[in-house]
Each structure stands twice: as C-alpha cells, then as structure tokens.
Amino acid sequence: MPSPSSRNKSRLSLLKKIGPGILMAGAAIGVSHIVQSTRAGATYGMGLVWLVLAVNLLKYPFFEAGHRYTLATGETLLHGYRRLGPAFLYAFLALNTFTAIISIAGTTFVTAILTPKIPGLESLNPSQVSAVLLLLIFLIVSLGQYRWLSRIIKLMMTVLFVATIAAFLRSVGSDHQTAADFVPPEFWAAASLPFLIALMGWMPAPIELSVWQSLWIKAAEEENKERTSHSEGSVDFHVGYVMTTLLAAIFVALGAWVMYGSSESYASSSTGFTQQFVSLYTSKLGAWTAPIIAAAAFTTLLSTTITVVDAYPRSLAATIRLVIPSLPGSERKAHIVAILVCSLAGWLIIAFSAQNLTTLIDLITTAAFLTAPVFAYLNLRLVLSQHLPAEYRPGLLYKTLSWTGFAYLVGFSLLFLWQRFFS
C-alpha cells in the first residue's frame, strides 16, 4: 500500500501535468460560450441545452484524439497526418489557414467589444480597437512575455467561472416573467437552421484545436523534462473538457432565465451586447459586480484571443516545416510571419464586416462547422490506423461515438448547404 508521502508526490505530479486540458478550456470559453450559448438561451430558452450537451458529446472523440495520439506515440497530430500520407497534411494546411484567419477575426472582434474604455481611446470603434489588440498581442507573443500575463488570465478566468456558477445557482427556481404577446420560436423550423449551424460551429471549439493540444503536451513535457503518462493526460483532458461543456450549458441557462420571453431582443450591436452580457450577472448578483464581471469577461476573452493568435500560426508554421523540411530560417521566424499574415487578414475581415456583431459571428462559426468534417476525419482516421499502438486504439464504444459524430457533422453540413443553395 502506497505511503502518504508517495501519494502526495503522485498528486503533486498530476497537478503539474494538468495544463494542456486547461489551456484547451481557456481557448474554448470565448465566442462559443459568451456570445453563441447566451444567444441560444435568450432566443430559444432552455430547449437548446440538450443540443449543446449533445454537440459536446458528439465532438468529444475528435478532441480527445489530440491527447490520445500524442501520449501514445510521443508525436504531435501533425506528424501523424504526415504518416497517413502527404495529402492529409496538405488538406490540414489548406483548411487550417482558412480557419486561422476567420477565427482570429471572430475572437479579436468580440474581445474588442468588451475592452474597457481607456482614457484617450474612447472614440475608437471596434475595428480600430481590434487593430490595437492585435498589435499588442503580436508584441507579447513575439517578445515571449506571455508567461507573466497567463497568471493574471488564469486568475480572471477563475473569477468568471465562479461568478458564472454563482449567477446560475441564484437563477435556479427564480420567477421569470414572459411578455404577454410572446410567441416561442420553433428551433426545428427551417428558418432556425442557419443559427443552429452557427451555434454548433464553435461548440465547444473548432476541431483543429486538437492539434494545439498535441503541441501543448509536447511543450509541457519539455518544460517538465519528463513524459506525461496516458492516465495523467486523460485526467488533464477530461478536466478541461468537462469544464467547457458545463459552462456552455450554464451560459444557455443564463440567457434563457434572464432574457428569454422578455420584450428585450438579443442585440446585434457591440454596445448593446456588452450591456446585455453584464446584465446576465448583475441581475442575479447585484449591480456592484458589474466592473468585476466586465473585467473577468474581457480578460477571459483576451486569453482566448492570445491563444488563437499564437496557436493557429504556430500550427501553420509547424505544418509548413513538415511539408517543406528544407525551408530556410527557423520555425520561430515562420511562426512570426504566420502571425503577421493571419492577423492582417483577420483584421481586414473585421474592418469590412464589423457593422453587425451577430452577422459576423454567424458567418465565422458557420464556416468553422462546414470545415469540421475534414478535421474530424483526419483525427478519426489517425486514431484507427496502425500508427497508433494497439493498446491505445479505441474500443467499440469510442468507435461508435466517433462514427456517429462524423455522420452528424457531415449530415448537418449537407442539410445546411442544400437549404442554402437548393431549397
């Protein structure tokens, strides 16, 4: 029987290994939760909670693949794609370039909306604030000063998490009055399909985030100077995944209990959205919490934006080095160039599409959903291949859930395209 000291060392070792899964949660708890989940509850009430939970379940195998493959082989998913064949790596590079640009645009824009008013900068519009944010993030990432900021971000993310749980508990059983002339919208109607696709697009996050997980695991192992075991990595992943799934459902509930059935409609403007989001908390926790919630939400979204601006180009740079091993220059330089190109392209999307918040976010998340089947297939093909050691290959339940999830992604994508172009 292990001694108390050995058990304590084991717990400390596990806590030290928990990181990539929390980073995944930090990257996911952004636009999909604060904007889309809240909007789902405000528009359709609690009826969409089951859909949010189902989407998280059906996408689970494709995110879990990032941990599973890297822990089993010591390689990143990118190396696995190359083992499957050059075509798989090229497909990832092409689609990841597209999703990198639109994801940077979406996360930066929502962060700009929630950015506190700074003296001297009050007159800047969201696209101008987005430009300032992208410049500051580029300096932070390129100068390697992310470590000190990450500690503040984790603290503020904790504040938002605790406040969200508190607001949820205060809302349970509260008396919510609906307007006398309110007619509940039918979310299974054809007119609701575009929003449902947009909601599912980044729920809980784009599937290509699984590649980031594998890169983060390798980085954590280098920092800790030891391999992460499969059991440690599994705990790390599931802590992060359960956290992001729980918060997604809670944001739906808050939107439903505060706004659903009222005369207030979900704002498409940036100012209106900010006020509505903060009111989700202040209506349950008191007006005094407004500055705390606003600061926590901004810092949480800033964390997501920094992660997206850093991780997408990092995965692109790593992929390019695998595609062209003889490319001159270091991967670090390729990473910096990729950040500049993707950030500029993302800002151009913001500059020309920032008049309407919901339209821009729906466009970006819909594009993410339509590309999801390709990323899902890459991960599914890899974890079922002979490149994964036999003892780490998934069992029957995992395979069934994987193919069911893949069928769901393909089916809804085809349904949306049919309705969009032929119906």
Side-chain angles (χ1 to χ4, degrees), residues 19-20 23-24 27 61-104 138 141-142 144 146 205-224 227-228 233 237 307-346 368 371-389 392-393:
L23 286 174
M24 177 194 70
F62 311 120
F63 287 104
E64 197 267 352
H67 269 62
R68 179 183 293 264
Y69 183 81
T70 302
L71 294 171
T73 64
E75 296 180 339
T76 69
L77 284 179
L78 295 175
H79 291 86
Y81 299 157
R82 184 175 64 175
R83 289 183 180 278
L84 291 175
F88 291 90
L89 199 58
Y90 288 132
F92 175 82
L93 178 60
L95 284 180
N96 197 46
T97 301
F98 170 69
T99 55
I101 293 170
I102 62 173
S103 297
I104 287 173
F138 172 76
V141 174
S142 61
Y146 180 70
I207 291 179
E208 59 270 25
L209 190 147
S210 57
V211 173
W212 309 355
Q213 295 169 241
S214 66
L215 293 171
W216 287 330
I217 290 172
K218 296 302 296 178
E221 289 179 342
E222 291 176 5
E223 184 175 322
N224 295 329
R227 286 288 303 273
T228 301
F237 169 76
T307 304
V308 167
V309 171
D310 175 74
Y312 264 115
R314 186 182 298 276
S315 63
L316 287 174
T319 307
I320 292 171
R321 299 295 294 186
L322 288 175
V323 171
I324 314 175
S326 59
L327 189 71
S330 64
E331 188 171 314
R332 173 68 175 168
K333 291 182 179 179
H335 180 210
I336 297 298
V337 172
I339 291 176
L340 286 172
V341 172
C342 292
S343 297
L344 178 59
T371 58
V374 179
F375 294 117
Y377 179 75
L378 287 173
N379 287 0
L380 179 57
R381 177 73 182 272
L382 188 57
V383 297
L384 297 179
S385 71
Q386 72 275 14
H387 302 300
L388 196 69
Y392 293 101
R393 291 175 197 167

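No experiment lies behind these values; they were computed from the predicted model shown.
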J.: Is the side chain of Thr70 donor-acceptor paired with the backbone N or O of His67 at a distance under 3.5 Å, no angle test?
T.: no
J.: Working to the nearest 0.5 Å, report the span between CG of Leu84 and CD of Gln386.
T.: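 If we round to the nearest 0.5 Å, Leu84:CG and Gln386:CD are 8.0 Å apart.
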J.: Please name the pair of heavy atoms, one in Gly80 and one in Tyr69, separated by the smallest distance, quoted to 0.1 Å.
T.: CA-OH, 3.4 Å
J.: What's the spacing between Leu316 CG and Thr99 OG1 if we round to 0.5 Å?
T.: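 Nearest 0.5 Å value for the CG-OG1 distance: 7.5 Å.
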J.: Taking all atoms of both residues into account, what is the closest heavy-atom pair of Thr371 and Ala368, and its distance?
T.: OG1-O, 3.0 Å
J.: Looking at residues at least two apart in the chain, or sitting in another chain, which of them share a side chain to side chain contact (heavy atoms under 4.5 Å, CB included) with Pro325?
T.: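 So Pro325 forms no side chain to side chain contact (heavy atoms under 4.5 Å, CB included) with any residue.
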J.: Kindly indicate, with the supporting measurements, whether the criterion side chain to side chain contact (heavy atoms under 4.5 Å, CB included) is fulfilled by Glu75 and His387.
T.: CA-CA 11 Å; Glu75 296 180 339; His387 302 300; over 6 Å; no
J.: Which pair of non-hydrogen atoms, one from Val308 and one from Pro313, has the smallest distance, and what is that distance?
T.: O-CD, 3.6 Å
J.: Kindly give the heavy-atom pair with the smallest separation between Phe63 and Ala205, and that separation in Å.
T.: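 Minimum heavy-atom separation between Phe63 and Ala205: CZ-O, 3.1 Å.
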J.: Give a yes or no answer on whether the side chain of Arg314 reaches the backbone of His335 with a donor-acceptor pair at less than 3.5 Å.
T.: no
J.: Got a list of side-chain donor-acceptor pairs under 3.5 Å for residues 85-97, not counting sequence neighbours?
T.:
residue, atom, partner, partner atom, Å
Asn96, ND2, Ser315, OG, 2.9
Thr97, OG1, Leu93, O, 2.7

J.: Atom OG1 of Thr319 and atom CD1 of Ile324: how far apart are they, to the nearest 0.5 Å?
T.: 11.0 Å
J.: Rounded to the nearest 0.5 Å, how far apart are CZ of Arg68 and CD of Gln213?
T.: 12.5 Å
J.: When you look at His79 and Thr76, which way does the side chain to side chain contact (heavy atoms under 4.5 Å, CB included) test go after all the steps?
T.: CA-CA 5 Å; His79 291 86; Thr76 69; 2.8 Å; yes
J.: What's the separation between atom CG in Leu71 and atom OG in Ser214, rounded to the nearest 0.5 Å?
T.: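 With rounding to 0.5 Å, CG (Leu71) is 10.0 Å from OG (Ser214).
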J.: Take Phe138 and Val309 through the test side chain to side chain contact (heavy atoms under 4.5 Å, CB included) and record every step on the way to the result.
T.: CA-CA 8 Å; Phe138 172 76; Val309 171; 6.0 Å; no
J.: Which value, rounded to the nearest 0.5 Å, describes the distance between Phe62 atom CZ and Leu378 atom CG?
T.: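 The CZ atom of Phe62 sits 11.0 Å away from the CG atom of Leu378.
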J.: Taking the side chain from Glu208 and the backbone from Phe375, do they hold a donor-acceptor pair closer than 3.5 Å?
T.: no
J.: I need the minimum non-hydrogen distance between Ala72 and Pro389, along with the two atoms involved.
T.: O-CG, 3.9 Å
J.: What closest approach, in Å, do Ser210 and Asn379 show between heavy atoms, and which atom pair accounts for it?
T.: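 For Ser210 and Asn379, the tightest heavy-atom pair comes out as OG-ND2, 2.9 Å.
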J.: Apply side chain to side chain contact (heavy atoms under 4.5 Å, CB included) to residues Trp212 and Tyr312 and explain how you reach the verdict.
T.: CA-CA 8 Å; Trp212 309 355; Tyr312 264 115; 3.2 Å; yes
J.: Are more than 12 heavy atoms, taken from residues, nucleotides or ligands other than Arg393, located less than 6.0 Å from that residue's CZ atom?
T.: yes
